[in-house]
There are 4 protein chains.
Amino acid sequence: MDDGYASDSTALLVVDPYNDFLSEGGKLWPRAKAVAEQVGLLDHMRQVLAATRSRGIRTLFVPHRRTAPGDYDGWAFPSPSQAATRGARIFEAGSWGGEFHPDFQPLDGELRVQEHWSASGFANTDLDLLLKQHRIAKIVLIGMRANTCIDTTARFAQELGYHVTLVRDAIAAFRPAEMTATFEVNAPTYAHAVVTADEFTEALPPAGTAS
Amino acid sequence: MDDGYASDSTALLVVDPYNDFLSEGGKLWPRAKAVAEQVGLLDHMRQVLAATRSRGIRTLFVPHRRTAPGDYDGWAFPSPSQAATRGARIFEAGSWGGEFHPDFQPLDGELRVQEHWSASGFANTDLDLLLKQHRIAKIVLIGMRANTCIDTTARFAQELGYHVTLVRDAIAAFRPAEMTATFEVNAPTYAHAVVTADEFTEALPPAGTAS
Amino acid sequence: MDDGYASDSTALLVVDPYNDFLSEGGKLWPRAKAVAEQVGLLDHMRQVLAATRSRGIRTLFVPHRRTAPGDYDGWAFPSPSQAATRGARIFEAGSWGGEFHPDFQPLDGELRVQEHWSASGFANTDLDLLLKQHRIAKIVLIGMRANTCIDTTARFAQELGYHVTLVRDAIAAFRPAEMTATFEVNAPTYAHAVVTADEFTEALPPAGTAS
Amino acid sequence: MDDGYASDSTALLVVDPYNDFLSEGGKLWPRAKAVAEQVGLLDHMRQVLAATRSRGIRTLFVPHRRTAPGDYDGWAFPSPSQAATRGARIFEAGSWGGEFHPDFQPLDGELRVQEHWSASGFANTDLDLLLKQHRIAKIVLIGMRANTCIDTTARFAQELGYHVTLVRDAIAAFRPAEMTATFEVNAPTYAHAVVTADEFTEALPPAGTAS
């Protein structure tokens, strides 16, 4: 992994850690639960976040648009995902489902990126700017959902010139076929590293050291 | 002006209509007042907004970042404008100065674009996406400030393929030299039309007609 | 399909129609041949191109970077695909493999977009600008390769606000799993239409009519 | 100037060094000559380029589109500059005017960015990608023309998160008012440094040292 995950040029991106995705009672949890439990999603997300925080690696939260009244009104071409999100009021603004899971809350100094309307955390947001202003060259992705927001954000990152790492057991999906599509078929063409949470944390410099 | 300002493909962009810029008591009003009064800024902004609303031309509000605690912390290269904004807490979130002037409030169905960190309403925001989803090809700019947010937003728009109109007496600045730079020197190279509020409203189709 | 594929707002994007991908003797043809022949790739590409040309639908050629000496030298993070492309000198500039297949040559007035370095025809090119200047709202994708340049270009298009159609039997890949990933798993989340060449041509207005 | 112009994170951008702009006999030289000679444009461009080359600072050439037959055909909204460029066939492909001035030729390993259609070297090109892949954080601009390609490229760079330096006597324009607009009115809002060629070269580390 070339010069490794130096704390001054690496960032962790926590993608869409909403209750609707990650918590019992969330609107999408029933669809995500089987894969999430099979890979150990929440434990691995906690493991990665604790490990990066202890090394001083910067955390950015990359949230999907929280659905609000009027969203998509008059849009010429909402995507199938957007049409479904609108109908079910996924991540509804002001609702519990549109809050982050309690274990994935920004600490002081951690950044909340502008909300993305579709699947890329970079498209139509300030993510690229914030990464540049913090001199970040490598991003590490965890969260939801493998073949949509994770895959698309990762593809955009690679096109923008970033080094991209996916932590495959800190990411889940609705179906095993989505995991296969992302981690077996697609990521090997664009991602610089696809690792497990254990492999990733072992690749970090020892906690407490500055890089 | 080719096929004119058809209501289904034209949008009005109201840039940074904050009290800090436009209202007696605003932090930047003392610097803007002389030019604003000389061109009749507020009256012309009202005139243009009323005229476009009456034709069913869509309005988008294009707001600068409202300054919040922690903004710019750790940034490698804040610009001179950003450094000044931070120091003076311009457009401060939660303050009166960071609210829109009472005459420039979004109505139902009008859009509030994501906030821009610097001078371009397009950079790191969803403005281009929203324009595309509403099939907008021509944008008309009013608001503040001529040589910063107006000029940069207009340059980005032209690079993105939009038709750009500046309403020169519905835009102001801090100094006459800034107006000269924008309207005499620069806009003639990139803008498709530089007009007065009267010229613009006369170029519109009659109110009450659909295009 | 809402208002259909009007000739003045629809464009066909022919992605990477290089001999290296599509022709006997091309460097990647041995890897693509099985899927290509199974779906009838070349015949369906010809069918779609002839159908759109006869309706006056604009064609844009969306070519990958033709590999040249010095490419990627000193790059911090070439992707796995880029590393492979470099090593094998895929689409080499000045070589037959880096020329378009004889049946997919731009006619007068058809556009050749700037070359893309990775998988998105939009990233770091003038594709979005050219589409806007020609008032295109809907794009139709054919060519190579399903889960890389087609998928990534389509995802970018959707994020940018375009209507996206994939013609699934005018697109191929190296393995059936890549076709499954693209057309069964991923495209249904972001694409507005996934159709066969027959379905697409039947959805077009009759040839010879203007829209 | 914070940590200075380190050779591994600084790049020189030579903007539009075409014969049409810089050479006796060029189509735009008659318009540029007075300002160019007044600031010592060519000597200062040579001075800056020699100084950065001797420090191992990377050079990128940032060229405008070389006009070719068919350019802008069917475009909805060419800008005033584009209309003029087209009419006069400025920087014509295949012509002497569309070649770089002999003193500003890329050496081995120096990069030629994709051509820009309008005034920003970043818009619709691979400039941002190439800078990222070479880990560049600071850019230094020289060339033509102050209030168009230099100003717009600089504004885009700042919005993208780069540190921006303008070398004011290695940049010219058609009229003194354009120089005033750029260097007195606008650049102080967005540029991190506006310096003379002498000031810039003095701020560089001694030649022959690696940073």
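Just so it is clear: chains get the letters A, B, ... in the order the sequence lines come, proteins before strands, and each one is counted from 1.
- Counting only distance, with no hydrogens or angles, the side chain of A:S81 and the backbone of C:T189 share a donor-acceptor pair below 3.5 Å.
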Discussion item. Show, in sequence, the C-alpha distance, side-chain angles and deciding distance for A:V185 and C:T180, and conclude whether the side chain to side chain contact (heavy atoms under 4.5 Å, CB included) test is met.
Written reply: CA-CA 10 Å; A:V185 176; C:T180 301; over 6 Å; no
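- A donor-acceptor contact shorter than 3.5 Å links the side chain of A:E159 to the backbone of C:A119.
- In this structure, chain A has a heavy atom under 4.5 Å from the backbone of C:A191, while its side chain stays farther away.
- The part of C:Y162 that comes within reach of chain A is its backbone (N, CA, C, O), which places non-hydrogen atoms under 4.5 angstrom from that chain.
- Counting heavy atoms from C-beta outward, C:T152 and A:T152 have side chains that stay 4.5 Å or more apart.
- Summarising the local packing, CZ of C:R53 is surrounded by more than 12 heavy atoms from other residues, nucleotides or ligands at distances under 6.0 Å.
- Few gaps surround CZ on A:R175; more than 12 heavy atoms of other groups in view lie less than 6.0 Å from it.
- For chain A, the nearby part of C:N124 is the side chain; its heavy atoms alone come within less than 4.5 Å.
- A donor-acceptor contact closer than 3.5 angstrom links the side chains of A:S118 and C:Q158.
- Note: A:S79 leads A:A177, A:S79, A:A181 in heavy-atom pairs under 4.5 Å with chain C.
- Between C:F77 and A:H192, the ring planes lie perpendicular to each other; the angle is over 60°, past the 30° to 60° tilted range.
- Of the two parts of C:Q82, only the side chain, counted from C-beta on, holds a non-hydrogen atom closer than 4.5 Å to a non-hydrogen atom of chain A.
- Put simply, of A:T148, A:D151, A:V164, the one with the most heavy-atom pairs under 4.5 Å next to chain C is A:D151.
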